Amino acid sequence: MEDIFHWCREGNGFLVRVWLDDTTHDLNQGDDHGFSPLHWACKSGRGHIVEMLINRGARINATNMGDDTGLHLAAAHGHREIVNYLLRHKADINSINEHGNTPLHYACFWGYQQVAEDLINAGARVNVINKYGETPLDKSKGQMASSLLELAEKMGQDVSKKVPYKEQSWLGTKSRSRDATLSRHMGIKLEDLHLQDKLSITKSGETWRGIWQNNEISAKFLSLGVKPSVDVIRRASRNFSEEFPRLRIFSHPNVLPVIGCTNSPPNLVVINQFMPYGSLYQVLHQPTNLVVDQNRALKFAVDIAKGMAFLHSLEPPIMRYFLNSKHVYIDEDLTARINMADTKFSFQERNKYYHPAWMSPEVLQKKLTEINIKAADMWSFAILLWELATRQVPFSELSPMECGMKIALEDLRISIPPGISSHMGKLTKICMNEEPGKRPTFDQVLPILEKMIHA
């Protein structure tokens with residue numbers, strides 16, 4: 001794993017690209033000091049690597065153990081083009097590290113005047129006080145301070161009021177590079193999972209919150225049915241070992257991978273990162289501190305579409321993943337991610353569907369091998385769009401059995417209520433075309449959604 005950090009430092013674009021093409025590799029992992037591949041590329045001035053990593057989904061504002069972002073490192077080393085590239089991709093310009101320093105502090109200290117000017121022009125504040133009572137201008141040398149002060153005043157900054165240093169680590173707003181152990185382990189001993197709270201019980205199993213190697217995790221114990229026989233348990237264990245590796249997809253920011261497993265029959269456990277906000281269903285329909293306005297809802301829709309477009313690019317496809325808001329999780333940086341732990345294994349209940357409200361008619365009518373999986377997922381996405389727009393649970397007045405029967409046999413469909421934007425209503429209808437072959441792909445839907453965000 002350490003090779004990726006070396007290749008990013010050295011600027012070996014070919015080997016970085018090959019490494020990224022392996023879906024089991026986590027591009028947001030950190031080394032022993034929390035430096036992610038992006039951190040090293042920014043520090044070393046490897047602009048082509050920075051662009052490649054960000055295009056593949058690297059977290060721009062992830063911090064190392066010293067709370068430095070990639071922008072801190074690029075500014076500290078005078079890599080002007082990288083600084084501006086990061087700013088164009090919404091890097092946090094006034095982020096402070098463990099010393100209270102912003103990227104502007106470092107550009108000023110090292111005398112990179114053009115970088116400092118670029119930062120101020122983009123909104124960097126010159127009056128932020130670090131842990132030691134110093135502003136960026138206090139770090140400047142010679143005429144640089146007066147020049148930058150003049151620029152800040154020209155940009156409308158009130159330089160007379162200092163912004164005091166505040167300890168922020170306790171707020172929990174930092175997004176650290178992930179511990180590399182999250183992407184290194186396949187088999188995990190059950191006794192190493194320090195389980196704490198039971199999060200949910202569903203037909204497919206029990207999910208617990210716990211700690212593994214100082215990482216917060218969710219552990220899902222798969223249900224094998226009531227009193228399974230020894231042969232059933234043995235066969236399930238064998239199939240679990242074969243099917244589990246395909247769910248270790250670390251290479252996309254909108255896919256939440258299974259990071260490990262426990263195969264200790266009868267305990268078959270899939271493990272992934274704990275998501276503090278829970279599922280999209282919880283965010284939309286249960287009391288939380290997260291406000292989902294129209295713009296945030298559209299961003300969630302874009303995230304989901306990106307994740308599904310990636311999953312649809314895999315060969316062979318993942319057959320038993322059923323898209324709905326209970327299977328999408330919200331990360332700490334408010335990114336929506338498709339949860340691979342919710343994929344049903346071949347040994348789990350076949351032809352039984354517990355969330356039919358999100359399923360297309362053909363899924364409820366035919367065998368899985370007889371349907372167009374990609375088109376069926378697009379129907380489910382249409383229901384998600386409706387859910388994001390209305391904040392309602394589809395067909396909440398019906399039991400799952402009633403809902404499934406009416407969708408399959410009585411043409412039960414969601415209706416577009418007044419108040420939904422005409423663009424969203426039209427897109428929803430297009431995505432749930434009654435003819436599967438006429439539904440769009442996620443690659444086709446993405447530019448429409450992105451245009452709606454910027455409208």
Side-chain angles (χ1 to χ4, degrees), residues 1-64 69-71 73-74 79 81-82 85-86 88-91 175-186 244-260 272-273 302-318 321 331 333 335-340 343 442-443 446 450:
M1 285 294 182
E2 288 72 16
D3 286 342
I4 183 60
F5 306 119
H6 173 75
W7 296 330
C8 288
R9 287 196 298 270
E10 299 301 314
N12 193 324
F14 173 75
L15 290 178
V16 171
R17 185 177 296 107
V18 170
W19 188 88
L20 289 172
D21 285 340
D22 186 335
T23 61
T24 65
H25 288 155
D26 185 357
L27 79 168
N28 288 304
Q29 69 179 353
D31 61 13
D32 291 341
H33 299 285
F35 278 70
S36 68
L38 182 61
H39 279 102
W40 282 116
C42 289
K43 182 177 181 180
S44 305
R46 310 300 182 184
H48 62 300
I49 304 292
V50 170
E51 183 174 352
M52 189 188 310
L53 291 168
I54 290 176
N55 287 338
R56 292 294 188 97
R59 288 180 169 178
I60 293 176
N61 294 313
T63 59
N64 61 16
T69 65
L71 187 59
L73 300 175
H79 301 311
E81 289 186 3
I82 294 178
Y85 186 83
L86 294 172
R88 289 196 299 272
H89 286 78
K90 301 182 180 180
S175 179
R176 286 278 170 89
S177 298
R178 291 195 278 266
D179 189 328
T181 59
L182 288 177
S183 57
R184 287 178 180 169
H185 290 265
M186 295 285 282
F244 156 77
R246 291 210 66 217
L247 306 181
R248 291 172 50 80
I249 301 172
F250 289 92
S251 61
H252 198 280
N254 301 117
V255 176
L256 180 62
V258 169
I259 61 175
N272 59 14
Q273 241 182 312
V302 168
D303 287 345
I304 296 166
K306 287 180 177 178
M308 292 305 297
F310 174 78
L311 293 180
H312 282 183
S313 72
L314 300 178
E315 290 294 341
I318 295 175
Y321 180 80
D331 207 340
D333 62 356
T335 298
R337 306 180 72 187
I338 311 296
N339 186 20
M340 288 292 94
T343 304
F442 284 99
D443 285 330
L446 267 169
E450 289 172 338

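Just so we're clear, the structure is a prediction, and the values are computed from it rather than from any experiment. All residue numbers refer to positions in the sequence shown, counting from 1.
- Salt bridge present: Asp21 and Arg56 bring a charged side-chain N and a carboxylate O closer than 4.0 Å.
- Side-chain atoms of Glu81 and Tyr85, non-hydrogen and from C-beta on, never get closer than 4.5 Å to each other.
- The minimum heavy-atom distance linking Ile82 with Ala74 is given by the pair CG2-CB, 3.8 Å.
- What you find for Gly260 and Arg248 is that their closest heavy atoms are N-NH1, 4.1 Å.
- For Cys8 against Ile49, the heavy-atom pair with the smallest separation is SG-CG2, 3.8 Å.
- Heavy-atom minimum distance, Ala336 versus Ile304: CB-CG1, 4.2 Å.
- Atoms CG and NE2, from Leu314 and His252 in turn, are 10.0 Å apart once rounded to the nearest 0.5 Å.
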Full working for side chain to side chain contact (heavy atoms under 4.5 Å, CB included) between Asn254 and Phe310: CA-CA 9 Å; Asn254 301 117; Phe310 174 78; over 6 Å; no
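- Counting heavy atoms from C-beta on, the side chains of Leu311 and Met340 come closer than 4.5 Å.
- With rounding to the nearest 0.5 Å, the separation of CG in Leu53 from SG in Cys42 is 8.5 Å.
- No side-chain heavy atom of Ile4 sits under 4.5 Å from any side-chain heavy atom of Trp40.
- Rounding to the nearest 0.5 angstrom, the gap separating the NE2 atom in His48 from the CZ atom in Arg46 is 7.0 Å.
- When all heavy atoms are compared, the tightest approach of His89 to Ile60 is O-CD1, 3.0 Å.
- In this structure, His33 places its NE2 atom where only 12 or fewer heavy-atom neighbours from other residues, nucleotides or ligands lie under 6.0 Å away.
- Residues Leu86 and Ile54 have side chains in contact (heavy-atom distance under 4.5 Å, counting atoms from C-beta outward).
- Taking CG of Leu20 as the reference point, atom CG of Asp26 lies at 10.5 Å (rounded to 0.5 Å).
- Side-chain contact between His39 and Lys43 is absent, with no heavy atoms from C-beta onward closer than 4.5 Å.
- In this structure, Pro37 and Val16 have side chains that are not in contact, with every pair of non-hydrogen atoms separated by 4.5 Å or more.
- Expressed to the nearest 0.5 Å, how far OG1 of Thr343 lies from CZ of Phe244 amounts to 12.0 Å.
- With hydrogens and angles left out, the side-chain atoms of Asn61 and Asp333 include no donor and acceptor closer than 3.5 Å.
- At least one side-chain heavy atom of Phe5 sits under 4.5 Å from a side-chain heavy atom of Gln29.
- Leu15 is not listed as a side-chain neighbour of Asp3, based on a closest heavy-atom distance of 4.5 Å or more.
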From CA spacing to verdict: side chain to side chain contact (heavy atoms under 4.5 Å, CB included), Phe250, Asp22: CA-CA 8 Å; Phe250 289 92; Asp22 186 335; over 6 Å; no
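- For the pair Ile249 and Pro257, the tightest heavy-atom approach, listed with the atom from each and the gap, is O-CB, 3.2 Å.
- How far CD1 of Ile318 is from CG of Leu247: 6.0 Å, rounded to the nearest 0.5 Å.
- A donor-acceptor contact shorter than 3.5 Å links the side chain of Asn28 to the backbone of Arg59.
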